[in-house]
Amino acid sequence: KPSFPKARFLLQPFIARKASMAAAGPAKTEVLSLFRAFLRTARQFSDYNIREYTRRRAADAFRENRALADAPAAAAAFADGKQQLEVAKRQVLVYSLYAPKAKSVVEMKIQ
Amino acid sequence: EEEDDSITIKGVRISGRPLYLDMQATTPVDPRVLDAMLPFYLSRYGNPHSRTHLYGWESDAAVEEARARVARLIGADPREIFFTSGATECNNIAVKGVMHFYRDRRRHVITTQTEHKCVLDSCRYLQQEGFEVTYLPVRPDGLIDVAQLADAIRPDTGLVSVMAVNNEIGVVQPLEEIGRICREKGVPFHTDAAQALGKIPIDVNQMGIGLMSLSAHKIYGPKGVGALYLRRRPRIRVEPQMSGGGQERGIRSGTVPTPIVVGFGAACEIAAKEMDYDERRVSALQQRLLDGIRSKVDDVVINGSMEHRYAGNLNLSFAYVEGESLLMGLKEVAVSSGSACTSASLEPSYVLRALGVDEDMAHTSIRFGIGRFTTEEEVDRATELTVHQVLKLREMSPLYEMAKAGIDIKSIQWSQH
């Protein structure tokens, strides 16, 4: 029976290659598409503060993560971004169901 | 277009929902927190203490996950976190529970004059039972004198309670120094961190904290839930305030409310990730607000230290202007004067009085609370409305006229009619 450490040592080159393939960073077009989806979703929030926050936070996060050098980190950030987009889409719906009739004073014209 | 959207309440008509700048009173629930909570109101509604079916198991797993998230934010072990109904309950358990447990050997409590009402009231309750309490004074900048604290500690001191960030003036106390002194003298250190959690970095080991009160609705979580941190090494024992089925290791009986506990956990996780980003934004917005107001209005005093402050809390006093009338004119901005807990009475805030602020300046204080969702536009609009209202009131104020003419207000002999 092969001992485990020996088996792992033999499989090492295969494991390493598989890992790098799985963690290949997202393509530029994918990232742009996700970013645009975020901005579209943000616009749909009925609440002024949440709308502005989503738009601003997404823009700042994408800008900051642009500098991510290694592929696994970029892939992780992209996956997280996709998950956050799903949360945002659901919440747009929930907020619209309970949107108050009156909007924020900031959205009204200045008297 | 104005008629449908305007709101009429208490005889006042406003054109829309006011700008919310009262983050110390409470914060809006973050949509990511709401998203985490909803499944537990819809399909996963089990009682976490039900041991015999899936509903109980999944509910319990969710509670333990939330417990781990809260612990991670403060550098604690999940076994040291006990869920309660909020920071007020935590403060009651901490103050009364610790002193009652050690009532034979420890008869003395040290706290400050600027603590939250629930801590002060718990101390007063202990005094009625025969314990002794020392209320440490604060300097005019709101910070305690650490040497004075060290001197006040006696062999029979059972607890030192100093809040981390003050809810009215935003001042941050020197937690590490206090923790070090308490550790040296062998006295448990309790801190009410309701306003500090998720806003300033907290590490219970670095700061030598023995007990800590946490609140969810101050960090964009749901109302009605909080947590008590209780150190395991060295173990700090408390007498429970709630008798019952022994939930939460006997410290706090009662069904653990899974949906809001999950919300609290989600809020803590988000706060851990967003702390730096939020802090940068909020500091910049505070500067913007302060500069905006000061450029148009003079005789504005900031209550509390500017260096040791959490940026999201700005408490300002406008000389020669009365606080209530200023607030009545600012109906499109949701701010507060004094704290919500004390606003039922007509007395000026005891916190400002402890700072040594004059009565007239204490009456005129306004607290601006800036948070994660506050925008530049809101800050600019609030500045504009505040400046407009202050100038209007000062124009009508005879005191302001006299002050401008060089008369010393304090030397005036007011005549009786």
Side-chain angles (χ1 to χ4, degrees), chain A residues 34 37-68 73 76-111, chain B residues 1-9 13-21 23 27-39 41-42 220 266 269-270 273-274 276-278 280-282 284-285 330-334 370-385 388:
Chain A
L34 183 63
F38 254 109
L39 295 185
R40 259 198 314 274
T41 307
R43 261 202 303 270
Q44 293 169 352
F45 267 111
S46 51
D47 181 291
Y48 163 76
N49 292 93
I50 308 294
R51 184 168 67 233
E52 288 299 301
Y53 176 77
T54 311
R55 189 190 51 75
R56 184 187 348 120
R57 190 69 190 92
D60 287 341
F62 275 85
R63 187 178 311 124
E64 200 182 301
N65 288 333
R66 197 165 52 186
L68 280 179
F78 185 71
D80 183 55
K82 282 215 291 226
Q83 230 179 359
Q84 296 290 319
L85 179 64
E86 291 310 304
V87 173
K89 282 185 180 163
R90 284 196 291 268
Q91 291 308 308
V92 161
L93 198 52
V94 172
Y95 274 74
S96 73
L97 293 171
Y98 295 95
K101 211 153 59 118
K103 290 186 171 289
S104 164
V105 154
V106 160
E107 299 179 278
M108 320 241 76
K109 305 255 190 297
I110 300 180
Q111 267 91 19
Chain B
E1 71 202 15
E2 315 91 75
E3 298 309 302
D4 324 347
D5 294 342
S6 69
I7 309 172
T8 308
I9 191 165
R13 175 134 74 98
I14 29 178
S15 55
R17 296 188 67 76
L19 326 170
Y20 190 75
L21 285 179
M23 295 291 173
T27 54
V29 173
D30 192 299
R32 294 165 284 192
V33 167
L34 186 63
D35 195 71
M37 287 167 61
L38 281 173
Y41 282 123
L42 301 174
Y220 314 96
E269 195 185 37
I270 295 170
K273 289 197 203 132
E274 302 283 331
D276 289 335
Y277 179 87
D278 284 344
R280 269 180 278 136
R281 250 193 75 75
V282 166
L285 286 174
L330 286 179
K331 46 189 165 63
E332 284 172 345
V333 185
I370 302 170
R372 181 182 291 164
F373 301 106
T374 313
T375 63
E376 281 85 353
E377 219 181 320
E378 286 182 312
V379 166
D380 291 341
R381 185 74 87 93
T383 310
E384 194 188 303
L385 290 167
H388 173 82

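Lettering follows sequence order; numbering is per chain, from 1.
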### Message
Distance check, rounded to the nearest 0.5 Å: A:Gln91 atom CD versus B:Leu38 atom CG?
### Response
6.0 Å
## Note on the structure
So CD of B:Glu378 and OH of A:Tyr48: to nearest 0.5 Å the spacing works out to 5.0 Å
#### Entry: Segment of A:Asp60 engaging chain B (4.5 angstrom heavy-atom cut-off)
side chain
### CA sep, side-chain torsions, deciding dist, call: A:Val94, B:Leu34, side chain to side chain contact (heavy atoms under 4.5 Å, CB included)
CA-CA 9 Å; A:Val94 172; B:Leu34 186 63; 4.0 Å; yes
### Side chain / backbone / both / neither for A:Val92 at chain B, heavy atoms under 4.5 Å
neither
#### Entry: Interchain contact, B:Tyr20 with chain A, by part (heavy-atom threshold 4.5 Å)
neither
### Message
Within this structure, what is the CD1-CZ distance for the pair A:Ile50 and B:Arg32, rounded to the nearest 0.5 Å?
### Response
9.0 Å
### Message
Nearest 0.5 angstrom please: B:Asp35 CG to A:Arg90 CZ, how far?
### Response
4.0 Å
### Query
Side chain, backbone, both or neither: which part of B:Pro18 has a non-hydrogen atom closer than 4.5 Å to chain A?
backbone
### Message
As a quick check of understanding, evaluate side chain to side chain contact (heavy atoms under 4.5 Å, CB included) for A:Arg57 and B:Glu274, giving each step before the final call.
### Response
CA-CA 10 Å; A:Arg57 190 69 190 92; B:Glu274 302 283 331; 2.6 Å; yes
### Query
Measuring heavy-atom distances to chain A, does B:Arg372 have an atom under 4.5 Å in its side chain, in its backbone, in both, or in neither?
both
#### Entry: From A:Arg56 atom CZ to B:Glu376 atom CD, the distance as rounded to the nearest 0.5 Å
6.5 Å
### Query
Out of curiosity, A:Glu107 CD to B:Leu19 CG, how far, rounded to the nearest 0.5 Å?
10.5 Å
### Message
With heavy-atom distances below 4.5 Å as the criterion, would you say the side chains of B:Ser15 and A:Val105 are in contact?
### Response
yes
### Task
Give the minimum heavy-atom separation between B:Gly16 and A:Ala102, together with the two atoms involved.
CA-CB, 4.4 Å
### Query
Of all heavy-atom pairs between A:Asn49 and B:Phe373, which one has the smallest distance, and what is that distance?
ND2-O, 2.9 Å
